[in-house]
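What's counted below: heavy atoms across the whole structure, side chains too, no hydrogens, waters or symmetry copies. Proteins come first, then strands; the chains are lettered A, B, ... in the order of their sequence lines, and each starts at number 1.
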Number of protein chains: 2
Amino acid sequence: MATIKDIARLARVTPSTVSRVLNRSGGYSEKTRRRVQKIADELHYQKNEAAVNLVAQTSNLIGVIVTNATTSFAAPIIDSIEDWAYQNGGRILLAHCGLNDSERLKTCLNLMAGRKVNGIISVSVQFDESNLKLLDQLQLPLISLGVKVSNQPMISIDNLKAAMAGTNYLISHGYQRIALIAVDTNDPQTGKMRCAGYQKAMESAGLTPSIIPGDYSFTAGKQATELLLAKRELPEAIFAASDDAAAGVIYAAQEHGVKVPEQLAVLGFDNSSVASMIYPGITTIDQPFKQMGRLAIEHLTNQDISSVELPYQIKERGSVAKHNSAQS
Amino acid sequence: MATIKDIARLARVTPSTVSRVLNRSGGYSEKTRRRVQKIADELHYQKNEAAVNLVAQTSNLIGVIVTNATTSFAAPIIDSIEDWAYQNGGRILLAHCGLNDSERLKTCLNLMAGRKVNGIISVSVQFDESNLKLLDQLQLPLISLGVKVSNQPMISIDNLKAAMAGTNYLISHGYQRIALIAVDTNDPQTGKMRCAGYQKAMESAGLTPSIIPGDYSFTAGKQATELLLAKRELPEAIFAASDDAAAGVIYAAQEHGVKVPEQLAVLGFDNSSVASMIYPGITTIDQPFKQMGRLAIEHLTNQDISSVELPYQIKERGSVAKHNSAQS
DNA sequence: CTGAAAGCGCTTACAG
DNA sequence: CTGAAAGCGCTTACAG
């Protein structure tokens, strides 16, 4: 690969001048500029970013940590970050930290520190004590999407209110026996909040909450529904803690000839891509993932360390209708 | 951030020695080693990779270019590359090139060159003339997944044979009026191959091919089906060029009360995550995405520039059954 | 076993 | 307008 020196030699100037021309930093004659630029072009010169970063003491890199790419909502977030990067000349260093894999998250963090990323965006990753400490030592600005990381800014919807709103939506549509399923009750953040919101709404309405825990997955939704079916305790409506899980519920329902929404209403959570791809479309709580990604990168860039709570909204599709008993 | 010099000063040795200790390259007493290591630990020292890369003349970075993260099958590929990276201390520089966006792909390529990536893995990206030339100038090893890029190794299934096999699968299940839909007939690679395979199989069986072009999307599948329905020309079976499109077909079918697979058999392509999330499960042609990702990174690492053709297989789920007319 | 020196490719004051 | 020099943080022969 050609270097600045090669160009300098061919253009009969010093590397200093080449650098100035290439950076358009002024201080050269038009004639020199042309000569240097021409040679650089001919050589298909590419700046060695490692060298640039070394002197600039920065990396122009932003680190993105996700649990894994299969998480259905990671895609729109990464997309919006990438779009920003494209517009602004930033670069994305991607790493997966797995689920509750402390060791791997530690590796991610160290890797990002070594690369001197300008900041980290973490998507739904939980930090345990040791990684919290590491993060503190590394002094890397971080912004977390979806879950709270101690002392770090967060961008998220209000899970408690959203779960309440979802539950109330079901109640206002005439449902009374409503189960919350596939929610991770051990998850100190999202899980707990969604449970609390659901319970609060149910109790306010004088209804009895019923929760089947799970890991937000399709399988969790499917199994919960099968369990309910086997016990002959199918509720009137199921509030799934994610759209993946809602898809599992609908799958199980269809498999057993239970009509959605006539015999079973299903409410999802996320408005991820699958929500609009299955029939009936999943009525769900929309999280503005694209906006989350964009805000995250903007905050990082502006060194804005404030948290922001984004609005959720209920996206109505076909999986919830007015309950029969509610029809006048 | 602490540097090697800081450690050297505190440990009362020279940077050379610190470097040796940190790299375990030998040539120091156990006593020195301990002292240096201790101080490095206390300082939470993180090597500046830009500096390391500058002298090593490498980056330890592998570039991954995808059209966008929303492509349903990008996820498993990225996952497997990331897993490899985690095991082997590599890092992933991610970039999106959009769809047929020559300018953006060019930016991606230049960005990768600037970062001195060890190699590039491109996922389903088409290179136009100008980028082919750029790639050549940049001299970056590349391995393409799914589509052929001139003069570069490719990892893919045989789309022609796979489409033939899919069509024959449908035929052998008793279907005769089979349409291929949502296939991009302008796509010189995948699209053309899948069309050709379908046509060949149809003609060999004495059947009439019928193709509705599209962009592999859910919407393309849905619209094609609605079109067929409106024209009252619904075939017995639809071969969708992707699982997303197959989901669209099934959606439209359910919406119009057409039973799958009883009244309409649906065959997908990819075996992406959505295939198992909708009911009935999509019978589809499985592409080994994880394996593709793993092979790609291994080839890149071993400087193996041979192409490899991976086996596809038909994954049977519920969207195709024996056709009535075929029942004895 | 340890240190002094040169160098990776670039940028940036400082002179002239 | 241009050049010489120092320096970013590290590694690696070469001496001793």
Is DNA chain C part of any stem, that is, at least 3 consecutive Watson-Crick or G-U pairs with both distances under 3.5 Å, and where?
->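 For DNA chain C the paired stretches long enough to count as stems (3 pairs minimum) are C:1-3 with D:14-16, C:5-12 with D:5-12, C:14-16 with D:1-3.
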Side-chain donor-acceptor contact under 3.5 Å, B:S19 with B:S16 |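 B:S19 vs B:S16: no donor-acceptor pair found between side chains.
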Salt bridge or not for B:R104 and A:D83, using N-O below 4.0 Å?
->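 Result for this pair is yes, salt bridge flagged.
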Given protein heavy atoms under 4.0 Å, the one-letter contact record of nucleotides 8-16 of chain D, with B base, S sugar-phosphate only and - none, is simply BBBBBB---
Check the pair B:Y45, B:D6 against side-chain hydrogen bond (donor to acceptor under 3.5 Å, both in side chains), reporting the backbone distance first and the verdict last.
-> CA-CA 10 Å; B:Y45 171 75; B:D6 300 321; over 6 Å; no
Donor-acceptor under 3.5 Å (A:T301 side chain, A:I297 main chain) =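 Such a contact is found between A:T301 side chain and A:I297 backbone.
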Between B:V123 and B:M292, is any pair of side-chain heavy atoms under 4.5 Å apart?
->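 Side chain of B:V123 against side chain of B:M292, heavy atoms only: no contact under 4.5 Å found.
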A:S59 side chain near A:N118 side chain, heavy-atom distance below 4.5 Å = yes
For the residue pair A:A50 and B:L54, what are the closest heavy atoms and their distance?
-> CB-N, 4.4 Å
